[in-house]
Amino acid sequence: MDTDRGGGKFTGRRAAPLHGWAVTPREALAIQRGLAPKIVVAPPVGSLRTVAGLDVSVGRFEKTCRAGAVLLEIDTLRVLARVRVTRPVPFPYVPGLLSFREIPVLLDALAGLPSVPDVLVVDGQGYAHPRRFGLACHLGLWCGIPSIGVAKSILCGVHGPLGPARGSVAPLVHGGETVGVALRTRAGVKPVYVSVGHRFDLDSAVSLVLRLAVLRRGSGQARFRLVEPVRQAHALVSTRGT
DNA sequence: GCGACAG
DNA sequence: ATCTTGTCGC
């Protein structure tokens with residue numbers, strides 16, 4: 001029943017928004033429980049040509065935050081557009097409720113892109129969440145766009161050791177369920193944690209992440225641990241000024 | 001009750 | 001997330 005297009009042109013075109021954003025932590029928890037069943041875990045439909053990397057940064061004592069959305073062509077990893085917005089911080093940081101802090105401002109950045117991305121990549125968890133509704137799930141569902149989460153550390157779950165080579169994986173398990181994977185994007189360095197957001201399956205997410213982790217010219221070694229869209233978004237919001 | 005805890 | 005310089009290594 002989700003008409004797709006979720007919250008609208010990213011924010012409000014839907015006749016009835018899924019929910020408001022001015023909520024208390026308690027209400028946020030209830031919203032997550034109610035929306036988690038709506039997440040679709042399946043291979044992405046159609047071809048994936050463009051990807052948007054998203055990130056948010058908040059100053060130590062500032063009351064505002066910056067959100068960035070960078071659109072790239074998946075094949076070439078060339079940047080097609082960059083959008084950065086500054087907004088009041090809408091919600092405190094509470095482990096497990098990150099989406100209520102970042103999505104309101106990310107939506108404004110996404111709305112500034114010249115076209116709708118085929119897939120969204122966020123800096124954080126998706127399904128690998130206590131209630132299976134991390135930032136990537138929430139954003140993907142709201143926008144009606146396929147999404148995945150690529151986190152730098154674990155929120156919940158455990159995993160066994162993984163090989164030292166790029167591409168090595170180990171399932172991330174929580175509550176007896178595989179909620180994501182620890183993936184080595186670069187030989188010898190700490191893995192990233194990949195999980196499904198919305199309208200994506202774990203295998204497709206892993207292969208996409210490997211495609212987005214820039215390789216060094218020549219040998220098939222990775223240049224960076226993090227995927228390019230998220231690196232670009234991070235660079236965009238981590239500098240201050242105009 | 002205690003410790004953990006995306007960004 | 002943010003506070004922060006130099007330094008070791010490919």
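Sequence lines set the chain letters: A, B, ... in the order given, protein chains first and strands last, and positions in each chain run from 1. The basis for the numbers below is simple: all heavy atoms, side chains too, and nothing from hydrogens, waters or symmetry mates.
- Aromatic pair A:H19/A:H138: centroids less than 6.0 angstrom apart.
- Using a 4.0 Å cut-off, some side-chain N or O of A:Y93 falls inside it from OP1 or OP2 of B:dA6.
- Residue contacts shown for A:L54 are absent, as no nucleic acid heavy atom lies under 4.0 Å away.
- Counting to the nearest Å, the P atom of B:dA4 and the CG atom of A:L172 are 18 Å from each other.
- Between the P atom of B:dG7 and the OH atom of A:Y193 lies a distance of 10 Å, rounded to the nearest Å.
- Nucleotide B:dA6 holds its C1' atom 8 Å from the CG atom of A:D123, rounded to whole Å.
- One finds no side-chain N or O of A:K152 lying less than 4.0 angstrom from the OP1 or OP2 phosphate oxygen of B:dA6.
- Between A:Q125 atom CD and B:dA4 atom P the separation is 18 Å, expressed in whole Å.
- One atom, CD1 of A:I103, and another, P of B:dG7, lie 15 Å apart when rounded to the nearest Å.
- In terms of modelled atom types and a separation under 3.5 Å, the side chain of A:R225 and the main chain of A:T185 share no donor-acceptor contact.
- Hydrophobic clustering of Ile, Leu, Val, Met, Phe, Trp and Tyr side chains at less than 4.5 Å, counting indirect connections, unites A:L208 with A:V206.
- A straight line from CZ of A:F91 to P of B:dA6 spans 15 Å, rounded to a whole angstrom.
- Counting any heavy atom pair closer than 4.0 Å across all strands shown, A:G149 reaches no nucleic acid atom.
- Regarding contacts with the backbone of B:dG7, every side-chain N or O of A:S57 stays at 4.0 angstrom or more from both OP1 and OP2.
- If you take CG of A:L139 and C1' of B:dG7, they are 15 Å apart, rounded to a whole angstrom.
- A:R131 has its CZ atom 16 Å from the P atom of B:dC5, to the nearest Å.
- Hydrophobic cluster membership is shared by A:V121 and A:L80, with clusters built from Ile, Leu, Val, Met, Phe, Trp and Tyr side chains linked at under 4.5 angstrom.
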